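Structure first, then comments.
In this text the structure is predicted, and so the values were computed from the model without any measurement. Atom set for the values below is all heavy atoms of this structure, side chains included, hydrogens, waters and symmetry mates excluded. Residue numbers count from 1 along this sequence.
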Amino acid sequence: MALSPARLLAGFICLLCLLRVTFHLGETTLGPLTMASVVAVAALQLPISLRGGRRPAPVLLPAQAVLNYLPLLAEAESWRAGGSGFVAASVLLVVSGPWAWSLFGLIALVEGAMAVALDLAPVQVYYAVVAPLNIGLMLYGLSRLADLLDRVRRERSELAARAGEVERLRLWGHVHGLVVSSVSAVERLVRRARCEHDAEAARRAIRRAVAVAREALERVRSLPVAEEAIPVPSRDDDTRILRLATPILVVTHVLFIGQSLFNFVADEGLDPGSGHAGYLVLLPVTFGLQFWHLAALRAGTRPRGLAWTLAAQALTIYAPLLQGDASGLVVSGFFAGVVLLYVRTPVSWPLSVAICGIAALETWPTRGPGVAAYQLCSTLATALTVYGLTRLAALVTELRKTRAELVEVAALRERLQVGRDVHDLLGRGLTTIVLHGELALRLLGTDPGRAAEQLERVTESARAAFSDTARLSVPDRRLSLAAEIDSARAVLESTGATVRIDAAPVTGPAEPVLAVVLREAVTNVLRHSTPDECVIEIAVEDGRVRLRVANDRATPASDEPGTGLRSLRARLAAIGGELTTTRADDRFELLARTPVDHEDLTPTR
């Protein structure tokens with residue numbers, strides 16, 4: 001089970017709090033003020049680290065610093081140097097600029113100076129300096145990475161929205177250029193045909209105008225166009241996460257190596273010959289395997305012979321126990337972190353806890369439960385640091401892939417939406433241009449007067465197409481049902497058909513949906529028939545609206561529904577409606593039913 005960044009960070013802070021409490025329990029008499037101070041400092045760390053991109057209140061850091069050093073004044077016997085890791089991390093998180101790192105280093109120097117003033121052993125002085133640095137870097141790294149990762153995740157939706165907007169603008173520009181150039185050419189050719197005295201020249205101009213309109217109609221109906229690659233913008237946060245995680249991991253490992261060396265020197269100083277030279281030989285092997293495993297994860301690969309390399313790392317840690325040497329257990333937390341990263345759940349977490357528990361159990365018989373609890377918390381904190389820093393950095397690669405997929409999905413969704421809008425708004429206008437142009441061609445030799453009327457209607461349809469094209473960039477371009485009814489009557493009557501309309505008034509969210517359905521239905525009538533009669537009925541009954549469009553003289557068609565009908569079915573199904581079509585001899589009928597009101601109606605953008 002992969003922990004979320006926030007839960008991982010909160011768990012790590014709580015674990016550090018336990019670590020500090022068990023440290024005091026194992027080394028000193030823990031006074032009530034010291035206990036309260038440790039818990040309060042950890043409690044203040046939660047809002048400082050888990051800020052969710054917001055800057056923490058400026059009073060939190062001073063309050064935390066005062067609470068951290070208060071026991072030094074009131075319960076000096078309970079206070080120990082090296083316990084200022086929370087304050088060190090908060091300095092890096094709250095203070096800006098170079099002052100942050102200066103204060104961070106100053107905290108370590110102050111802790112070291114206090115250890116020297118208390119006449120502590122060199123190994124304890126080293127611990128007093130290194131512990132705040134180590135804990136501070138770990139906590140700072142997890143806090144900043146969680147914050148950056150959360151920001152990257154939030155930006156994914158913004159990125160997808162921007163990608164959709166860019167794609168929509170690109171397609172609108174494509175459609176606008178296509179329609180405007182095509183319709184302008186149609187108007188120009190129609191004007192030429194009307195001015196021509198030579199019938200053959202006029203016929204060529206009209207034929208060319210019809211061809212241009214038909215080509216534009218086919219290109220509009222073939223949307224969405226997906227010829228161009230979709231660029232995926234880069235994110236500076238990706239590089240910042242990777243730059244932040246790797247150095248902190250390396251530094252914390254190096255500081256632990258130094259701690260191990262000091263422990264060896266201290267043992268030799270107290271009892272010559274007791275230092276475990278074998279451990280010093282195995283230590284480079286242990287960390288060599290550690291960095292091998294982490295580097296593979298950083299590169300996004302799985303090392304060959306993983307089972308053998310994990311077994312080898314475990315051997316370097318636990319083999320010395322056979323000779324009574326437990327020195328290697330000090331780095332078992334790093335190994336537990338690698339296990340968390342490589343072993344699958346649900347085995348990884350119990351196994352990692354068991355690895356940390358071995359180090360605690362080995363300490364219990366000689367140094368008591370307090371030190372054993374401290375050892376358990378220490379190794380668990382190390383394991384969580386290795387897991388968290390590595391896993392959060394690895395998530396950047398996953399986010400890059402997800403970001404590319406989101407951009408592509410957003411752009412494709414926008415392509416489909418624009419294609420649908422273009423089909424709704426421009427399909428009928430271009431179809432009408434083609435229809436009247438072809439009719440003008442047929443009448444040109446037999447009835448020049450009617451041919452001129454058809455050319456006038458081509459010009460009117462071209463102007464309507466211009467108007468519809470301008471509406472593409474309007475945010476709310478909902479169609480009016482009443483306007484579509486009037487337009488349908490005019491267009492159908494212009495073809496010579498008798499039109500009967502019986503339409504009840506419809507208001508509310510169902511109106512623009514039915515307007516789209518009516519426009520597409522009339523477009524299909526124009527494309528697939530030369531009707532003598534067309535019937536349009538709209539009735540409201542029991543909270544539902546029924547739209548029926550029927551016509552005669554329908555040409556035979558395939559059983560496969562066209563793009564327009566598929567789009568209408570999808571729209572109506574999404575709002576609880578339905579669309580059916582029936583054909584009997586040469587009669588065709590389209591029937592749409594939809595609720596009058598629906599909270600999720602989104603017929604157009």
Side-chain angles (χ1 to χ4, degrees), residues 16-17 19-31 33-35 37-38 41-42 45 61-62 64-92 95 98-140 248 251-272 274-276 279-280 283 327 330-331 363 367 370-371 374-375 377-378 381-382:
L16 289 181
C17 180
L19 179 66
R20 192 64 186 155
V21 170
T22 54
F23 173 78
H24 282 286
L25 288 173
E27 299 293 333
T28 63
T29 302
L30 183 63
L33 180 60
T34 302
M35 169 68 84
S37 172
V38 169
V41 168
Q45 191 65 46
L61 176 58
Q64 189 183 48
V66 169
L67 289 171
N68 183 71
Y69 292 106
L70 185 61
L72 179 62
L73 303 176
E75 292 180 353
E77 70 282 357
S78 297
W79 193 86
R80 282 294 180 268
S84 301
F86 282 128
V87 178
S90 297
V91 164
L92 294 180
V95 181
W99 279 104
W101 291 101
S102 300
L103 291 174
F104 179 73
L106 181 62
I107 290 173
L109 290 177
V110 168
E111 294 284 335
M114 290 181 178
V116 172
L118 293 172
D119 198 23
L120 300 179
V123 66
Q124 292 174 313
V125 174
Y126 178 84
Y127 173 82
V129 174
V130 167
L133 296 178
N134 220 345
I135 297 298
L137 283 175
M138 290 178 178
L139 187 52
Y140 168 70
I248 291 178
V251 170
T252 52
H253 280 72
V254 169
L255 291 177
F256 266 90
I257 292 173
Q259 183 71 56
S260 301
L261 294 176
F262 261 91
N263 287 338
F264 174 80
V265 173
D267 289 343
E268 281 291 310
L270 294 174
D271 185 7
S274 65
H276 303 287
Y279 167 62
L280 290 183
L283 190 63
S327 302
V330 72
V331 294
T363 309
R367 304 187 67 180
V371 176
Y374 171 80
Q375 189 70 26
C377 293
S378 177
T382 304

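Of all heavy-atom pairs between P132 and A88, the closest is O-CB, 3.7 Å. Between P71 and T34 the shortest heavy-atom distance is CB-OG1, 3.5 Å. When all heavy atoms are compared, the tightest approach of L61 to V87 is CD1-O, 4.3 Å. Closest non-hydrogen pair, A89 versus Q45, comes out as CB-NE2, 4.4 Å. Here the shortest heavy-atom pairing between L16 and A381 reads CD2-CB, 4.1 Å. Taking each heavy atom of E111 and A128 in turn, the nearest pair found is CB-O, 3.2 Å.
Checked against side chain to side chain contact (heavy atoms under 4.5 Å, CB included), V41 has the following partners two or more places apart in sequence or in another chain: S37, Q64, L67, N68, F86.
Annotation for W101: atom CH2 counts as buried by contact number, over 12 foreign heavy atoms lying within 6.0 Å.
Inter-residue side-chain proximity for L106 and V91 is flagged as unmet; no heavy-atom pair is nearer than 4.5 Å. Inter-residue side-chain proximity for F104 and L137 is flagged as met; some heavy-atom pair is nearer than 4.5 Å.
T382 OG1 to L19 CG: the interatomic distance, rounded to the nearest 0.5 Å, is 8.5 Å. Atoms CG and CG, on L103 and L109 in that order, are 11.5 Å from each other to the nearest 0.5 Å. Between the CD1 atom in I107 and the OG atom in S102 there is a gap of 11.5 Å [rounded to 0.5 Å].
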